[in-house]
Amino acid sequence: QLKLVESGGGLVQPGGSLRVSCVASGSGFDYYGIGWFRQAPGKEREGVSCISNSGSTTNYADSVKGRFTISRDNAKNTVYLQLNSLKPADTAVYYCAADFVGLGVYEPSLRPGDYDYWGQGTQVTVSS
């Protein structure tokens with residue numbers, strides 16, 4: 001079982017950058033794929049980016065490709081999401097989630113239903 005804690009959110013102007021982090025406590029972090037999701041008021045939760053257990057494979061939603069970068073440091077039980085060229089439409093609560101996959105090779109998912117553990121979220125607000 002993992003406990004996930006997000007941090008790094010805040011208020012930023014359009015065109016600005018933020019880095020949000022997800023720190024996991026518990027054993028076997030490298031058995032989990034990690035996804036970042038976001039939810040804006042009145043909208044469904046959507047997948048933003050995900051990374052495989054080894055970090056070798058990443059996926060991005062079309063709306064963030066070329067602007068966001070996901071990475072992980074398994075020695076620190078941490079996954080990062082670098083958010084660049086931010087737009088007001090990126091305003092949302094950002095959540096990280098963990099999908100138990102073992103040590104095999106797999107394609108990480110952007111489907112919320114595939115994830116087992118969730119953090120509490122961190123607010124990102126893009127506004128001038």
Side-chain angles (χ1 to χ4, degrees):
Q1 184 170 353
L2 288 185
K3 179 180 178 181
L4 304 174
V5 179
E6 303 94 336
S7 64
L11 174 64
V12 63
Q13 293 187 341
S17 297
L18 278 177
R19 189 177 77 164
V20 291
S21 301
C22 172
V23 178
S25 58
S27 60
F29 181 69
D30 52 354
Y31 290 173
Y32 291 84
I34 302 294
W36 280 98
F37 299 82
R38 66 186 181 187
Q39 189 165 20
K43 294 188 177 181
E44 292 187 356
R45 191 168 297 189
E46 63 170 343
V48 174
S49 182
C50 53
I51 189 166
S52 63
N53 46 351
S54 67
S56 60
T57 304
T58 58
N59 281 327
Y60 296 91
D62 288 343
S63 58
V64 306
K65 278 181 183 175
R67 299 189 298 122
F68 292 7
T69 303
I70 192 170
S71 62
R72 69 188 291 163
D73 184 343
N74 283 354
K76 295 182 178 180
N77 280 17
T78 302
V79 173
Y80 306 98
L81 185 67
Q82 179 69 39
L83 293 69
N84 296 332
S85 302
L86 282 161
K87 307 173 182 180
D90 295 316
T91 295
V93 178
Y94 282 71
Y95 300 89
C96 66
D99 176 16
F100 181 80
V101 297
L103 294 177
V105 176
Y106 83 109
E107 186 73 15
S109 166
L110 286 174
R111 295 183 297 270
D114 288 344
Y115 287 78
D116 306 300
Y117 303 106
W118 291 81
Q120 294 301 306
T122 185
Q123 177 71 47
V124 172
T125 302
V126 185
S127 175
S128 55

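Note that the structure is predicted; figures quoted are calculated from it, not measured.
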Problem set entry | Residues in side chain to side chain contact (heavy atoms under 4.5 Å, CB included) contact with S71, at least two apart in sequence or another chain | Y80
For this session: Among Ile, Leu, Val, Met, Phe, Trp and Tyr joined by side-chain contacts under 4.5 Å, find the other residues sharing a cluster with V5 and list them by chain and number.
Result: none
Problem set entry | Set of residues satisfying side-chain hydrogen bond (donor to acceptor under 3.5 Å, both in side chains) with respect to E107, sequence neighbours excluded | N59
Problem set entry | R67 side chain near Y60 side chain, heavy-atom distance below 4.5 Å | no
Problem set entry | All pairs passing disulfide (SG to SG under 2.5 Å) where residues 61-93 contributes a residue, at least two apart | none
Exercise. Could you state the interatomic distance from OG1 (T91) to CD (Q123), rounded to the nearest 0.5 Å?
Worked result: 7.0 Å
Seminar exercise, completed: Taking every heavy atom of N53 against every heavy atom of Y31, the minimum-distance pair comes out as CB-C, 4.2 Å
For this session: Quick one: pull up CZ in R19 and CG in L83 and give me the separation to the nearest 0.5 Å.
Result: 11.5 Å
Exercise. Say you draw a straight line from CG of L2 to CH2 of W118; how long is it, rounded to the nearest 0.5 Å?
Worked result: 14.0 Å
Problem set entry | Exercise: identify the closest heavy-atom pair between S85 and S17 | N-OG, 4.3 Å
Seminar exercise, completed: Contacts of R111 meeting salt bridge (charged side-chain N to carboxylate O under 4.0 Å, His left out) (sequence neighbours excluded), chain-then-number -> D114
Problem set entry | Residues forming a side chain to side chain contact (heavy atoms under 4.5 Å, CB included) with V12, sequence neighbours excluded | L18, L86, V126
For this session: Any pair with a residue in residues 31-85 that passes disulfide (SG to SG under 2.5 Å), sequence neighbours left out, goes on the list, sorted by first then second residue, please.
Result: none
For this session: Taking side chain to side chain contact (heavy atoms under 4.5 Å, CB included) as the test, write out the residues that go with S56, two or more places apart.
Result: S52, S54
For this session: Kindly indicate whether the side chain of F68, heavy atoms from C-beta on, has any atom under 4.5 Å from the side chain of T58.
Result: no
For this session: Kindly work out whether a path of hydrophobic side-chain contacts (I/L/V/M/F/W/Y, heavy atoms less than 4.5 Å apart) joins V23 to V20.
Result: no
Problem set entry | Contacts of type salt bridge (charged side-chain N to carboxylate O under 4.0 Å, His left out), residue K65, not counting sequence neighbours | D62
Problem set entry | Results of side chain to side chain contact (heavy atoms under 4.5 Å, CB included) for S7 - residues two or more places apart only | S21
Exercise. Measuring from Q120:CD to L4:CG, what's the distance to the nearest 0.5 Å?
Worked result: 10.0 Å
Exercise. Got a second to check how far Q82's CD is from S49's OG, nearest 0.5 Å?
Worked result: 12.0 Å
Extract all donor-acceptor atom pairs below 3.5 Å that involve side chains of residues 92-103 and protein atoms in other chains or at least two apart in sequence.
residue: Y94; atom: OH; partner: R38; partner atom: NH1; Å: 2.9
residue: Y94; atom: OH; partner: D90; partner atom: O; Å: 2.7

Exercise. S25 versus N77: any side-chain heavy-atom pair under 4.5 Å?
Worked result: no
Seminar exercise, completed: Sorted by chain and number, sequence neighbours left out, ring pair (Phe, Tyr, Trp, His ring centres under 6.0 Å) with Y115 holds for F37
Problem set entry | Spatial distance of atom OG1 (T69) from atom CG (L81) [nearest 0.5 Å] | 8.0 Å
Exercise. Is a side-chain N or O of Q13 found less than 3.5 angstrom from the main chain of S128, in a donor-acceptor match?
Worked result: no
